[in-house]
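See below for the structure under consideration.
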Amino acid sequence: MSVSKIQFATLTELESSLVQTLLYFDIFSYPLTAQELLYCSKLPDLGLDEVHHAIGGMVAKGYLHREEKYYYLGNDPEKVKRRKKGNEEAKRRIPQAFRVSRFIGKFPFVRAVMLSGSLSKNYMEEDSDIDYFIVTKPRRLWICRTILILYKKIILLNSCQNFCVNYFIDENHLEIEDKNTFTATEVIFLLPSYNYQLYKEFRKKNSWVYEYYPNHGLRNDYPCSDKNNSWLRKSLEWTLNSRLGECMDTWCMKKTMKRWKTKFSDFDEESFEVALRSRKYVSKHHPRRFQNLVIQKLKEKRKALEEEFGIRLFTS
């Protein structure tokens, strides 16, 4: 028998699933309730009693800690205070996010708006940005993006706090290309704020997320606006629904790409593709490379946890 088998105990599949869920959210110092652990577990068909039994046993062994109704890794009850404060700030700012979403829906070629980032997970800090995920008309994504960015730079004086538009896709390319824990989490938590029908189509095209979140369904937490009677939008779309619009869209993409290639010249090709993917049907602007950082941090936290407690997390 090897030394590793003597020294390390393997958690059950259920225990491992719950711990790995907590590990992911612990990257953001965000404790979870038992109900949230149920929704976010990778194991399907769980019952709340099963979750309570498993986490109760792990609390008794010292793997997890509980404060009020929240469970977390590491003995730091300040995480709970931080979460509750962030939940209150999200509650305060979400009506504004929905008002801005309705406003964004009036811009030319916008077809759907969803709230992303921390607000979609019901958490905000006082200086946090409100992030918007936008679906556009095909072959007019870059015109749409350029108009919105110009509005932010000129009218809002480049303030991102309530108007951070950093991810665009078009109606014909709803499936997210990167498929991992980070992107599945972002997709599953997207909160529809304009055009719920297109949100449902988007989720249908990204059914792969249920491999990561089999117990998490569609979001319908808040009223989603579906009406748009902007005469300015209709006029501009009619004008740019032509060869002129096609040329303008290509020009906007090329100008943006040229600027990004210069500004982010330190990015290698792979990093640029993940953080700043730019094609006719998609525009990402995540220069902090958060996706790669989170995935790497998750690996590090898992290894540290296993070494600290002398356990191995179950892998199928």
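Any value given below was found using the heavy atoms of this structure, including those in side chains, with hydrogens, waters and symmetry copies removed.
Rounding to the nearest 0.5 Å gives a distance of 14.0 Å between CE of Met257 and SG of Cys252. Atom-to-atom distance recorded for Asn195:CG and Cys224:SG is 7.0 Å, nearest 0.5 angstrom.
Here Phe25 pairs with nothing under the ring-ring contact (aromatic ring centres under 6.0 Å, His included) rule; sequence neighbours left out. Tyr70 meets the ring-ring contact (aromatic ring centres under 6.0 Å, His included) test with no other residue; sequence neighbours excluded. Among residues two or more places apart in sequence or in another chain, the side chain to side chain contact (heavy atoms under 4.5 Å, CB included) test is passed with Leu150 by Thr146, Ile154. Qualifying side chain to side chain contact (heavy atoms under 4.5 Å, CB included) partners for Lys234, counting only residues two or more places apart in sequence or in other chains: none. Residues forming a side chain to side chain contact (heavy atoms under 4.5 Å, CB included) with Glu50 (at least two apart in sequence, or on another chain): Leu14, Leu46. Applying the side chain to side chain contact (heavy atoms under 4.5 Å, CB included) criterion to Lys255, with sequence neighbours excluded, gives Trp251. In this view, Phe267 and Phe264 satisfy the ring-ring contact (aromatic ring centres under 6.0 Å, His included) rule, not counting sequence neighbours. Judged as a ring-ring contact (aromatic ring centres under 6.0 Å, His included), and not counting sequence neighbours, Tyr213 has no contacts.
Taking 4.0 Å as the cut-off between side-chain N and carboxylate O, Lys137 and Glu237 do not count as a salt-bridged pair. Taking 4.0 Å as the cut-off between side-chain N and carboxylate O, Glu246 and Lys280 count as a salt-bridged pair. Salt bridge Arg92/Glu89: present, at least one basic N to carboxylate O contact under 4.0 Å.
In the hydrophobic clustering of ILVMFWY residues, with side-chain heavy atoms under 4.5 Å counting as a link, Val209 and Tyr196 come out together. Under the 4.5 Å side-chain heavy-atom criterion for ILVMFWY residues, no single connected hydrophobic cluster contains both Val165 and Leu174. Both Leu148 and Leu276 belong to a single network of hydrophobic side chains, linked directly or stepwise wherever heavy atoms of I, L, V, M, F, W or Y lie under 4.5 Å apart. Grouping the Ile, Leu, Val, Met, Phe, Trp and Tyr side chains by contacts below 4.5 angstrom, directly or via other members, places Met124 with Ile94. The cluster map of Ile, Leu, Val, Met, Phe, Trp and Tyr, joined by side-chain heavy atoms under 4.5 Å apart, puts Ile176 and Val274 in different clusters.
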_Pair Tyr71-Glu36, side-chain contact (heavy atoms from CB on, under 4.5 Å): steps then yes or no_ = CA-CA 10 Å; Tyr71 297 87; Glu36 289 166 343; over 6 Å; no
*Dump the intermediate steps for side-chain contact (heavy atoms from CB on, under 4.5 Å) on Ser283 and Leu141, then the final yes or no.*
CA-CA 8 Å; Ser283 170; Leu141 181 151; 3.8 Å; yes
*What's the verdict on side chain to side chain donor-acceptor pair (under 3.5 Å) for Asn162 and Arg93, showing C-alpha distance, side-chain angles and the deciding distance?*
CA-CA 9 Å; Asn162 298 313; Arg93 293 183 65 186; 3.0 Å; yes
_One pair to check against salt bridge (charged side-chain N to carboxylate O under 4.0 Å, His left out): Glu68 and Lys84. What are the steps and the verdict?_
CA-CA 11 Å; Glu68 300 176 28; Lys84 291 167 74 174; 3.1 Å; yes
_Stepwise salt bridge (charged side-chain N to carboxylate O under 4.0 Å, His left out) test for Glu171 and Arg139_ = CA-CA 10 Å; Glu171 287 179 288; Arg139 307 194 69 81; over 6 Å; no
*Report the C-alpha distance between Trp142 and Asp249 in whole Å, list the side-chain angles of each, state the deciding distance to 0.1 Å, and finish with yes or no for side-chain contact (heavy atoms from CB on, under 4.5 Å).*
CA-CA 5 Å; Trp142 289 92; Asp249 193 74; 3.5 Å; yes
*Carefully, step by step, assess Ser271 and Arg289 under the rule side-chain contact (heavy atoms from CB on, under 4.5 Å).*
CA-CA 8 Å; Ser271 297; Arg289 293 179 266 197; 3.9 Å; yes
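A pairwise comparison of heavy atoms in Asp170 and Val135 identifies C-CG1, 4.0 Å as the closest pair. Between Tyr132 and Ser116 the shortest heavy-atom distance is N-OG, 3.9 Å. A pairwise comparison of heavy atoms in Phe189 and Cys40 identifies CZ-SG, 3.9 Å as the closest pair. Closest approach of Ala34 to Ile55, counting heavy atoms only: CB-CD1, 4.0 Å. In this structure, Arg111 and Tyr194 approach most closely via the heavy-atom pair O-CE2, 3.8 Å.
For the side-chain contact (heavy atoms from CB on, under 4.5 Å) with Gln35, the qualifying choice from Leu38, Leu32, Leu37 is Leu38, the only one to do so. Checking Val19, Thr21, Ile27 one by one against Leu23, the side-chain contact (heavy atoms from CB on, under 4.5 Å) holds for a single residue, Val19. Each of Arg302, Lys301, Arg83, Arg82 was compared with Asp26 under the salt bridge (charged side-chain N to carboxylate O under 4.0 Å, His left out) criterion, and only Lys301 meets it.
Side chain of Tyr199 to backbone of Arg219: a donor-acceptor contact under 3.5 angstrom is found. Here the side chain of Ser265 pairs no donor or acceptor atom with the backbone of Lys261 at under 3.5 angstrom. Within the 3.5 Å criterion, the main-chain N or O of Asp131 finds no donor-acceptor partner in the side chain of Asp129. Judged by distance alone, with hydrogens and angles left aside, the side-chain atoms of Thr136 form no donor-acceptor pair with the main-chain N or O of Cys144 at under 3.5 Å. Counting only distance, with no hydrogens or angles, the side chain of Ser17 and the backbone of Lys42 share a donor-acceptor pair below 3.5 Å. Under a 3.5 Å cut-off, the side chain of Asn215 and the backbone N or O of Leu43 do form a donor-acceptor pair. In this structure, the side chain of Thr183 engages the main chain of Asn180 through a donor-acceptor pair within 3.5 Å.
You'll find the side chain of Glu177 stays beyond 4.5 Å of the side chain of Lys284, heavy atoms only. For the pair Tyr222 and Leu191, the minimum side-chain heavy-atom distance is below 4.5 Å. Residues Arg145 and Thr256 have side chains in contact (heavy-atom distance under 4.5 Å, counting atoms from C-beta outward).
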Donor-acceptor pairs under 3.5 Å, side chain of residues 96-110 to any protein atom, not counting sequence neighbours: which ones?
unit_1	atom_1	unit_2	atom_2	d
Ser101	OG	Ala97	O	2.9
Ser101	OG	Ser193	OG	2.8

Would you be so kind as to tabulate the donor-acceptor pairs closer than 3.5 Å made by side chains of residues 291-300, with sequence neighbours excluded?
unit_1	atom_1	unit_2	atom_2	d
Gln296	NE2	Glu300	OE2	3.3

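Through direct or indirect side-chain contacts shorter than 4.5 Å among Ile, Leu, Val, Met, Phe, Trp and Tyr, Leu232 is connected to Trp231, Leu236.
The cationic atom of Lys79 (NZ for Lys, CZ for Arg) does not lie both less than 6.0 Å from the six-membered ring centre of Tyr30 and within 45° of the ring axis.
Here ring pair (Phe, Tyr, Trp, His ring centres under 6.0 Å) pairs that include residues 158-184, with residues two or more places apart or in two chains, are Phe133-Tyr167, Tyr151-Phe163, Tyr167-His286, His173-Tyr281.
Within 6.0 Å of CG on Asp49 lie no more than 12 heavy atoms contributed by other residues, nucleotides or ligands.
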